[in-house]
Every structure is written in structure tokens, then in C-alpha cells.
Amino acid sequence: QVQLVESGGRLVQAGGSLRLSCAASGRTFSSYAMGWFRQAPGKEREFVSRISQTGDSTAYADSVKGRFTISRDNAKNTVYLQMNSLKPEDTAVYYCAASTWGGTIATLYKHWGQGTQVTVSS
């Protein structure tokens, strides 16, 4: 079992940057692939990025590719999402999630955080 707590979300102007953090409890963090998803009002939850257990494999949604970077520090039980060149359409609640298998589909992720709000003003 792993518990996840996101932080770092806030109001930012378009073009700005944010770094989200997701702290995990437990000693099994390194055994999980980690993902970031987001959900905007009235929309379905969508995949943003994922990283493998060792951090050597990453993937991004086309909408964030080249602007967002996912990373992890297994010694600190933390996964990060660096978000640059933010756009108003990036506004959403951002969730981190843990999965034994990884991937881009939300149903593959068993453990979820409570989410952190990111608002990008134009």
C-alpha cells in the first residue's frame, strides 16, 4: 500500500512555470511506476505523463510534450512534474498515481493522491 500527497499547485500567469511534487509513504515507492493525470472542470481525467520505476523511461501526452518534465527521486519517495510555458488550457486538478505496470491509462493506476489545483491565467 502506498499513500500519495501532491503539492505545488497554485495560480500562475500564462507562460510561467510550476513544479508539482508528489510525496509517497511506505518503503515500496521504487517498485511503482508513477503517473501524473489531470482533470479540468467538465472534462474527463486525462493522462499527462508517466515515469518508470527506475526513472529511465518516461512518456508524455502530446499536449504537454516539450513543456513538462517528469522525474523521480526514489531516495526521497517523491515524483515531480516540472511545468514550463504554461497555458490557460493547462488549468486542472493534477493527480499523481502509482501503478505496478505503468502506462497511460488511468485504470492501470491503483493508488491516487487527492490532487492539487493548477490555475493558469491568461
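For clarity, every value in this text was computed on a predicted model and none was experimentally measured. Numbers here are sequence positions counted from 1.
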Output every pair passing ring-ring contact (aromatic ring centres under 6.0 Å, His included) with a member in residues 31-55, not counting sequence neighbours, ordered by first then second residue.
Y32-H111, F37-F47, F37-Y109, F37-W112

With the 4.5 Å side-chain cut-off for hydrophobic clustering, are V79 and M83 part of the same group?
yes

Pairs in or reaching into residues 28-59: which pass disulfide (SG to SG under 2.5 Å), with residues at least two apart or in two chains?
none

Row check, Y60 ring normal vs R50 NZ/CZ: under 6.0 Å, within 45°:
no

Is it true that the side chains of T78 and D73 contain a donor and an acceptor less than 3.5 Å apart?
no

Keeping to residues at least two apart or across chains, list the disulfide (SG to SG under 2.5 Å) pairs with something in residues 33-117.
C22-C96

What is the minimum heavy-atom distance between A98 and M34, and which atoms define it?
CB-SD, 3.6 Å

Donor-acceptor contact below 3.5 Å, side chain T91 vs main chain T119:
no

Do R10 and L18 have side chains that get closer than 4.5 Å, going by heavy atoms?
yes

Has the side chain of R67 got a donor or acceptor atom that lies under 3.5 Å from a matching backbone atom of S85?
yes

Check ion pair K65-D62 (N to O, under 4.0 angstrom):
yes

Determine whether L81 and T69 make a side-chain contact, defined as any pair of heavy atoms from C-beta on separated by less than 4.5 Å.
no

Drop me the distance from D56's CG to T54's OG1, to the nearest 0.5 angstrom.
3.0 Å

When clusters are formed by joining ILVMFWY residues with side-chain heavy atoms under 4.5 Å apart, either directly or through shared neighbours, do V120 and V93 land in the same one?
no

Does Y94 belong to the same Ile/Leu/Val/Met/Phe/Trp/Tyr cluster as L108, with side-chain heavy atoms less than 4.5 Å apart forming each link?
no

Do any N or O atoms from the side chain of S52 and from the backbone of A33 form a donor-acceptor pair under 3.5 angstrom?
no

S121 side, atom OG; L86 side, atom CG - distance, nearest 0.5 Å:
10.0 Å

For S25, which residues count as a side-chain hydrogen bond (donor to acceptor under 3.5 Å, both in side chains) partner, sequence neighbours excluded?
none

Within a strict 4.5 Å, meaning less than it, do heavy atoms of the Q82 and S17 side chains meet?
yes

Does Y80 sit in a hydrophobic cluster with other residues, and if so which ones, taking ILVMFWY side chains as linked at heavy-atom separations under 4.5 Å, directly or through other members?
none

Would you give the length of the straight line joining atom CD of Q39 to atom CD of Q117, rounded to the nearest 0.5 angstrom?
11.0 Å

Any donor-acceptor pair under 3.5 Å from E6 side chain to Q114 backbone
yes

Is there a path of hydrophobic side-chain contacts, each under 4.5 Å between heavy atoms of I, L, V, M, F, W or Y residues, that connects Y95 with F68?
no

Tell me the closest heavy-atom pair linking P88 and S122, and the distance in Å.
CG-CB, 3.8 Å

Sorted by chain and residue number, the salt bridge (charged side-chain N to carboxylate O under 4.0 Å, His left out) partners of E89 (sequence neighbours excluded) come out as none

Distance from S57 atom OG to I51 atom CD1, nearest 0.5 Å?
8.5 Å

Kindly give the heavy-atom pair with the smallest separation between L4 and A97, and that separation in Å.
CD1-CA, 3.7 Å

Closest non-hydrogen contact found for V2 with A24 is CG2-CB, 3.7 Å

Given R19 and S7, is the side chain to side chain contact (heavy atoms under 4.5 Å, CB included) satisfied, shown in steps?
CA-CA 9 Å; R19 188 176 81 157; S7 62; over 6 Å; no

Between N74 (side chain only) and Q53 (backbone N and O only), is there a donor and an acceptor less than 3.5 Å apart?
yes

